[in-house]
S.K.: 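Below are the structure tokens for one structure; questions will follow.
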Amino acid sequence: MTVVVRGFGRRRARPGASTLRAVAVAAAAVAASAALGDFRSGQLSLFLTLALLAVSLDLVWGYAGILSLGQLVPFGTGAYVTAVITDDSPTSSMPALLVAALVGAALSSGIGLAAFRRRLSLVVVGLFTLMLSLTFEQIAEQWRSVTGGFNGLTDIPRLNLLGLQLGDGAQDLVITATCVLAIAAVRLLLGRPIGAALIGVRDNERRMDALGYDTERLKLWAFGLGGALAGLAGALYVHRTGFVSPGIFGLTLATNIVLWTLIGGRGTVVGPVIGTLVINFTSAALADVWLQYWVLATGVVFVAAAVLVPEGLVPRLLRLVGRPVRRPADPMLSVRVDPPAVDGDRALLVADGIDKAFGSFVVLDGISISIERAELRCLIGPNGAGKSTLLDILCGQQGHQRGVISVFGEDVTGRRGWQFARCGVSRKFQAPHVIDSLSVAENLAIAAWGPRSSAWFLVRTDWSVGIGEGAAKILERTTLGDRCDVTAGALSHGEKQWLEIAMALAAPCRLLLLDEPTAGLTAAESLDAAALLRDLHAELALPIVIVEHDMSFIRAAADRVTVLARGELIADGTVADVEVDPAVRSVYLGDGA
Ligand code: ADP
Ligand code: MG
């Protein structure tokens with residue numbers, strides 16, 4: 001059964017229209033360049049190679065959220081590789097472009113592997129990549145037989161197109177067209193689901209992990225593609241300048257591309273291009289007149305831009321004219337009917353003897369818990385009892401010291417959050433975790449793709465996607481259904497809670513873990529939430545475990561209550577049983593509660 005959820009599928013781009021637009025923009029850039037005259041046309045082509053480099057940085061920083069100061073590693077290496085290849089064989093400049101892109105991709109993938117496998121923090125990744133760039137500068141200086149040492153390599157031939165050696169003017173036009181086409185291709189690519197997934201990793205990596213995304217691989221993919229673009233940019237740059245020296249890996253250019261990207265507006269493809277062109281043309285115009293002041297002024301411009309326009313010029317201008325910085329994709333959502341969550345007689349999830357300590361502080365001490373059928377269970381306990389920690393462990397979001405976890409009979413101990421999500425264990429966090437920069441519908445689409453989310457799938461697929469019945473019911477029964485094209489960051493707290501639950505149900509879900517879903521709701525809203533969760537549980541035969549404090553919610557919702565205190569499960573039974581249990585009354589409810 002496929003039911004189109006109301007309010008969707010209005011705007012469908014004609015296939016091929018975007019490609020035609022990209023070609024038209026490239027043609028317009030070439031025409032403008034030709035009209036500018038030789039000198040300006042040459043400047044434009046040079047600055048566009050730098051703009052392509054800035055776009056490669058934007059892909060990894062603005063989209064995937066990792067500030068790499070090492071984009072010069074693939075850029076500079078691409079330049080040297082091209083210089084060496086075309087020095088030996090001037091007619092090989094086309095294959096050299098490809099080799100430079102491949103070498104750039106390989107280098108950046110290697111850097112990404114080292115950084116992400118070791119789970120380096122963002123600051124350490126920034127410093128690590130910068131140090132690598134400076135190390136490459138040293139290598140280029142020392143490895144004289146290949147790189148020409150300190151003086152570098154000169155007299156690099158101009159581009160050779162299919163045996164035709166280009167003159168300066170023709171080369172400028174070809175470089176301009178190539179850069180514009182490459183930048184337009186990146187823009188097209190990032191308009192596809194992969195772009196939204198990278199934004200998801202940037203905004204909320206934990207949420208993406210809990211949806212089934214192997215975020216490490218996505219970041220690696222962004223690094224690899226960014227490296228390919230930087231390698232290509234380096235190859236074009238070296239044809240344009242005719243020489244390359246170790247300074248191409250240097251600190252000045254490394255920090256400048258960050259500056260151009262930041263000032264233009266990261267997270268938009270156009271922003272870094274505008275930033276690079278405006279700053280470089282201005283710099284070139286003023287350099288003759290005020291060289292020493294202009295270098296000083298660059299620092300002032302950077303500080304002023306960071307303070308006055310932190311979001312960047314392009315996003316600020318778009319806001320001023322009332323346009324959104326990023327136009328949501330408007331996915332076509334339909335309802336997908338999944339087989340029942342409960343699978344024969346096998347236990348859904350069994351955790352046995354779970355120990356968890358932070359240093360010497362023991363939070364969970366030999367907890368055993370098992371979810372065996374489609375039950376609606378509340379997990380209660382005083383603040384700090386370890387409820388959120390237990391939920392984290394049950395869905396692979398945190399490791400633990402001892403104990404075994406199995407899902408549908410399969411031992412999953414030690415697996416990562418995204419692997420649990422792919423087994424059908426879905427999670428809502430205590431504080432709402434949604435992807436603020438994406439629309440409600442995009443959040444749901446991203447959630448629905450989670451379990452089969454390879455980068456290439458996200459590149460190929462279009463924006464039509466089936467969401468689980470549970471997610472569709474939440475859209476129907478809450479205000480979210482009318483807010484599908486609103487950016488998630490603009491939702492109320494309660495709407496974010498429902499969006500996160502709907503996201504947890506968008507992909508096939510076999511066990512739903514909810515951490516304080518009614519936090520921030522009024523008493524009446526909390527009872528409505530209990531009714532809706534009961535309905536979802538009954539209609540989908542869905543096992544749900546809810547961490548909750550609110551006794552009226554628990555009375556309205558729960559079949560069964562489990563009580564956690566002092567790192568142990570101290571009671572388990574119906575609400576009525578637990579309410580009169582003396583141990584529970586003393587630690588949690590307090591006598592007379
Ligand atoms: P609950 O959800 O029951 O309120 P939590 O599971 O959030 O409790 O926390 C249980 C205990 O573990 C608390 O005392 C908390 O301070 C501690 N804790 C949670 N996370 C960490 C952490 N990352 N490092 C150290 N202590 C932590
Ligand atoms: Mg908690």
Side-chain angles (χ1 to χ4, degrees), residues 119-124 204-207 209-210 215 349 351-369 371 376-403 405 414 416-417 420 425-434 493-494 496-498 500-501 503-504 511-521 526 529-530 533 544-554 557-558 560-572 575 578-579 581 583-590 593:
R119 312 254 183 114
L120 302 180
S121 72
L122 289 180
V123 174
V124 177
N204 203 324
E205 187 166 355
R206 202 166 180 225
R207 175 75 265 160
D209 185 55
T215 57
L349 184 143
D352 190 25
I354 303 290
D355 286 350
K356 173 75 181 179
F358 293 106
S360 59
F361 176 52
V362 176
V363 179
L364 302 175
D365 187 9
I367 299 276
S368 294
I369 189 168
I371 316 293
L376 202 165
R377 187 190 305 202
C378 280
L379 177 65
I380 65 172
N383 268 336
K387 305 178 298 293
S388 296
T389 307
L390 179 59
L391 240 52
D392 271 353
I393 292 170
L394 295 184
C395 66
Q397 289 284 322
Q398 275 198 45
H400 58 284
Q401 280 85 21
R402 257 187 306 278
I405 303 174
R416 306 269 301 279
F420 274 74
V425 180
S426 297
R427 165 77 189 272
K428 180 217 163 299
F429 294 98
Q430 184 167 342
H433 275 51
V434 295
H493 183 79
K496 281 189 187 176
Q497 302 264 43
W498 280 118
E500 196 182 0
I501 299 174
M503 288 168 79
L511 171 61
L512 181 60
L513 306 173
L514 303 176
D515 201 347
E516 304 201 14
T518 66
L521 301 188
S526 175
L533 289 172
I544 310 182
V545 176
I546 310 176
V547 167
E548 214 13 281
H549 283 297
D550 177 357
M551 278 315 289
S552 48
F553 173 92
I554 293 166
R560 181 175 174 185
V561 178
T562 301
V563 186
L564 178 68
R566 296 185 296 265
E568 292 172 23
L569 296 181
I570 59 162
D572 185 57
V575 183
V578 166
E579 275 189 304
D581 186 303
V584 176
R585 294 184 78 85
S586 70
V587 300
Y588 180 69
L589 299 170

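No hydrogens, no waters, no symmetry mates; every other heavy atom, side chains included, goes into these values. Everything numeric here is computed off the predicted structure, so don't read it as measured data. Order of listing sets the numbers, starting from 1, for every ligand and every atom in it.
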S.K.: Indicate yes or no: does Lys387 engage Glu516 in a salt bridge with an N to O separation below 4.0 Å.
M.R.: no
S.K.: One thing to verify: whether Asp515 and Arg427 come together as a salt bridge, which I'm taking to mean a side-chain N less than 4.0 angstrom from a carboxylate O.
M.R.: yes
S.K.: Could you tell me whether the side chain of Arg377 reaches within less than 4.5 Å of the side chain of Asp572, counting heavy atoms only?
M.R.: yes
S.K.: Which residue in the set Ile405, Val425, Leu349 passes side chain to side chain contact (heavy atoms under 4.5 Å, CB included) when paired with Cys395?
M.R.: Val425
S.K.: Quick one: table the atom pairs, ligand 1 N or O against protein N or O, below 3.5 Å, distance rounded to 0.1 Å.
M.R.:
{"residue": "ligand 1", "atom": "2 (O)", "partner": "Ser388", "partner atom": "N", "Å": "3.0"}
{"residue": "ligand 1", "atom": "2 (O)", "partner": "Ser388", "partner atom": "OG", "Å": "2.9"}
{"residue": "ligand 1", "atom": "3 (O)", "partner": "Ala385", "partner atom": "N", "Å": "3.2"}
{"residue": "ligand 1", "atom": "3 (O)", "partner": "Gly386", "partner atom": "N", "Å": "2.9"}
{"residue": "ligand 1", "atom": "3 (O)", "partner": "Lys387", "partner atom": "N", "Å": "2.8"}
{"residue": "ligand 1", "atom": "3 (O)", "partner": "Lys387", "partner atom": "NZ", "Å": "2.9"}
{"residue": "ligand 1", "atom": "4 (O)", "partner": "Gly384", "partner atom": "N", "Å": "2.8"}
{"residue": "ligand 1", "atom": "6 (O)", "partner": "Ser388", "partner atom": "N", "Å": "3.4"}
{"residue": "ligand 1", "atom": "6 (O)", "partner": "Thr389", "partner atom": "N", "Å": "2.9"}
{"residue": "ligand 1", "atom": "6 (O)", "partner": "Thr389", "partner atom": "OG1", "Å": "2.5"}
{"residue": "ligand 1", "atom": "8 (O)", "partner": "Gly386", "partner atom": "N", "Å": "3.3"}

S.K.: Determine, for Arg206 against Asp392, whether the closest basic-nitrogen to carboxylate-oxygen distance falls under 4.0 angstrom.
M.R.: yes
S.K.: Kindly indicate, with the supporting measurements, whether the criterion side chain to side chain donor-acceptor pair (under 3.5 Å) is fulfilled by Asp550 and Thr518.
M.R.: CA-CA 8 Å; Asp550 177 357; Thr518 66; 4.8 Å; no
S.K.: Would you say the side chain of Ile371 lies within less than 4.5 Å of the side chain of Leu394, judging by non-hydrogen atoms?
M.R.: no
S.K.: Could you confirm whether Thr389 has any N/O/S atom lying under 2.8 Å from the Mg ion (ligand 2)?
M.R.: no
S.K.: State whether Asn383 contributes an N/O/S atom found under 2.8 Å from the Mg ion (ligand 2).
M.R.: no
